[in-house]
Amino acid sequence: MHFKEGVSAQFQLEPQDVAVLQGTDARFNASLKGQWEIMTWMVQNFLVLTINAVTGPTSSPGRFSAQNYSSGDTSRWEFTIRNVSRNDSGPVTCYVQGDYGGKTAQLSVQESGSVAILGGNLTVVPQGQQTEFQCVAMNWFPEPKISWLMYGVEVNTSLYNTTSQAQGGHFNSISILRVRAASNTTVECQASIQALNTPRSSIIYLLVEIQAITPTDWTVLIAVVTSIGGFALLVLLILGIIFCWKRREEKSKMLPLCPIPFTCKGKIKNHKLWPAGLWLESRLVVLVLMRSPNQTGFTQDISRDGAWDLIYIHATQ
C-alpha cells in the first residue's frame with residue numbers, strides 16, 4: 001500500500017450501534033482519508049464483502065452490498081445488509097488493509113409485536129370510581145418498555161404495574177393501570193423498543209358520567225317529602241283538635257248569665273244577689289251569685305273574701 005506523505009491515516013465507522021426491525025435494511029458507513037487498496041466487511045466474524053479501492057466491490061453476494069460516496073481525498077463507502085433477521089445481530093466489522101486496521105459496530109435486529117388495551121375502544125364509568133385498564137403487548141423482541149398516557153401526559157409509574165415473560169424467543173408483557181376517573185379523556189398504552197422511531201400504541205376513550213338526580217330519584221324524593229308532610233299535617237290536626245276540645249271544655253264550665261238581680265231567702269236571705277255565672281261540675285249545677293254592684297258597675301273583686309256566694313243545685317239523678 002502507498003500512503004500520501006504528510007497525511008495521517010484517519011478511519012471512522014458509523015454508527016457504532018444500530019438497531020433495526022427484522023425485515024428492514026441495516027446500513028453502516030466507513031470513511032477514511034489517504035490512500036488504501038482493500039476494504040473488507042464481516043458480519044458476525046464471517047467475511048461477506050470485499051471492496052477494491054479502484055474497481056469497487058469484488059462481488060455482491062445475496063443481501064450484502066456497498067455504495068461509493070467518496071468525495072475529494074475522503075473515501076466513504078456505505079455497507080448495506082438487506083432484509084435483516086435476528087441471526088444477523090452481533091458485531092459488524094470493517095477492516096482496511098495497512099495502518100488503518102479495523103473498526104467494529106454492533107447490530108441489533110429487533111421485532112415489533114402487537115399492543116392492545118383490552119375491553120374495547122370506549123369505557124364508561126361514574127365520576128370518582130377507580131378504574132382498571134389492562135394492556136397486552138405480544139411477540140416483542142427484546143422486552144418492550146410499556147408506558148401509559150392520560151390527558152396527553154405520561155402517567156406516573158406508581159399507578160401501573162408491568163410484567164413480562166419470555167416465550168418462544170419473544171416477550172409478552174401485561175401492564176395494569178389503576179386510576180380514579182375524573183373527567184373525559186383518552187387512555188393510551190405505548191410499547192417501545194430501540195428500533196422503533198415512534199412507539200406502538202393502543203388508545204381507548206374514557207367517558208366519565210357525572211352523577212345526577214334521575215327521574216326515579218325525584219319520584220322517591222317527592223314520595224318521602226309528601227309522607228313527612230302528610231304526617232306533620234296529621235299531627236297538627238290532632239293537636240288542633242285537642243286544643244279546641246280543651247278550650248271548649250273550659251268555656252262549657254262557665255256559662256255567663258244576664259245580670260238580673262233577685263233576692264234569695266234562707267241562708268243568705270234578704271240579700272239582693274246578682275247571678276254571675278253558671279257551670280257544670282260533675283253532676284252538680286253550680287250557680288255563682290254576686291252581691292249587688294255599685295252604680296258604676298260590678299265592683300266586687302273575685303279575690304276578695306265574701307264577694308261571691310255559691311249555690312249548688314243538684315242535677316238530675
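Residue numbers count from 1 along this sequence.
W148 is not connected to L207 by any chain of hydrophobic side-chain contacts under 4.5 Å among Ile, Leu, Val, Met, Phe, Trp and Tyr, and they are in different clusters. Linking Ile, Leu, Val, Met, Phe, Trp and Tyr residues whenever their side-chain heavy atoms come within less than 4.5 Å leaves I193 and V109 in two separate clusters. If you chain together hydrophobic residues whose side chains sit under 4.5 Å apart, V84 and F141 never meet in one group. L47 and I38 fall into different hydrophobic clusters, defined by Ile, Leu, Val, Met, Phe, Trp and Tyr side-chain heavy atoms under 4.5 Å apart, directly or through other members. Hydrophobic clustering places V125 together with L159 (ILVMFWY residues linked when any side-chain heavy atoms are closer than 4.5 Å, directly or through intermediates).
For the pair Y95 and M42, the minimum side-chain heavy-atom distance is 4.5 Å or more. Looking at Y160 and S147, their side chains come closer than 4.5 Å, going by heavy atoms from C-beta outward. When side chains are defined from C-beta on, R200 counts as touching W140, because their heavy atoms get closer than 4.5 Å. A 4.5 Å side-chain heavy-atom check between T104 and V92 finds every atom pair outside the cut-off. Counting heavy atoms from C-beta outward, V187 and V155 have side chains that stay 4.5 Å or more apart. Contact annotation: the side chain of P91 approaches that of Q106 to within less than 4.5 Å [non-hydrogen atoms, C-beta and beyond]. At least one side-chain heavy atom of L149 sits less than 4.5 Å from a side-chain heavy atom of Q190. When side chains are defined from C-beta on, D25 does not count as touching V20, because their heavy atoms never get closer than 4.5 Å.
For Q130, the CD atom counts as densely surrounded, since its 6.0 Å shell holds more than 12 non-hydrogen atoms of other residues, nucleotides or ligands. By the 6.0 Å contact criterion, OH on Y205 is open, its count of non-hydrogen atoms from other residues, nucleotides or ligands being 12 or less. Crowding of Q129 atom CD: a count of heavy atoms from other residues, nucleotides or ligands under 6.0 Å exceeding 12. More than 12 heavy atoms of other shown residues, nucleotides or ligands fall within 6.0 angstrom of atom CG in N156.
In this structure, A137 and I146 approach most closely via the heavy-atom pair CB-CD1, 4.0 Å. When all heavy atoms of T24 and L21 are compared, the closest pair comes out as OG1-O, 2.5 Å. Residue W77 comes nearest to S70 through the heavy atom pair NE1-OG, 4.2 Å, listed as atom of the first residue, atom of the second, then distance. In terms of heavy-atom proximity, P57 sits nearest to L49 at CB-CD1, 4.3 Å. The minimum heavy-atom distance between K103 and L13, with the atom names listed, is O-CD2, 3.3 Å. The nearest pair of heavy atoms linking R180 to G128 is NH1-O, 3.1 Å.
Across L118, I204, I176, a single residue satisfies side chain to side chain contact (heavy atoms under 4.5 Å, CB included) together with F133, and that is I204. With V115 as the fixed residue, the side chain to side chain contact (heavy atoms under 4.5 Å, CB included) test singles out one of C189, P199, S192: C189.
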Original post:
C94 and M39: side chain to side chain contact (heavy atoms under 4.5 Å, CB included), yes or no, with the steps?
Top reply: CA-CA 7 Å; C94 178; M39 176 187 294; 3.6 Å; yes
**OP:** Determine, stepwise, if the pair Q110 / S108 fulfils side chain to side chain donor-acceptor pair (under 3.5 Å).
**Re:** CA-CA 6 Å; Q110 304 178 355; S108 173; 3.2 Å; yes
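Under a 3.5 Å cut-off, the side chain of S175 and the backbone N or O of C135 do not form any donor-acceptor pair. No donor-acceptor pair under 3.5 Å is formed between the side chain of R178 and the backbone N or O of N161. Under a 3.5 Å cut-off, the side chain of T55 and the backbone N or O of N52 do not form any donor-acceptor pair. Put simply, the side chain of R27 never gets that close to the backbone of T80: no donor and acceptor are under 3.5 Å apart. Using a distance-only test at 3.5 Å, with no hydrogens or angles considered, no donor-acceptor pair links the side chain of R63 to the main chain of I81. When atom types are taken as modelled, the side chain of E78 and the backbone of A66 share no donor-acceptor pair closer than 3.5 angstrom. In this structure, S202 contributes its side chain and I117 its backbone to a donor-acceptor pair below 3.5 Å.
One distance of note links CD of E188 with CD of E154; it measures 10.5 Å at 0.5 Å rounding. Going from atom CG of L196 over to atom OG of S112 covers 4.5 Å, rounded to the nearest 0.5 Å. F64 CZ to T50 OG1: the interatomic distance, rounded to the nearest 0.5 Å, is 12.5 Å. Annotation: the span from H170 atom NE2 to R86 atom CZ amounts to 5.5 Å, rounded to 0.5 Å. Expressed to the nearest 0.5 Å, how far OG of S75 lies from CD1 of I51 amounts to 10.5 Å. One finds the OG1 atom of T163 at 10.0 Å from the CG atom of N172 (value rounded to the nearest 0.5 Å).
Under the 30°/60° scheme for interplanar angles, the aromatic rings of F11 and Y100 are found to stand perpendicular.
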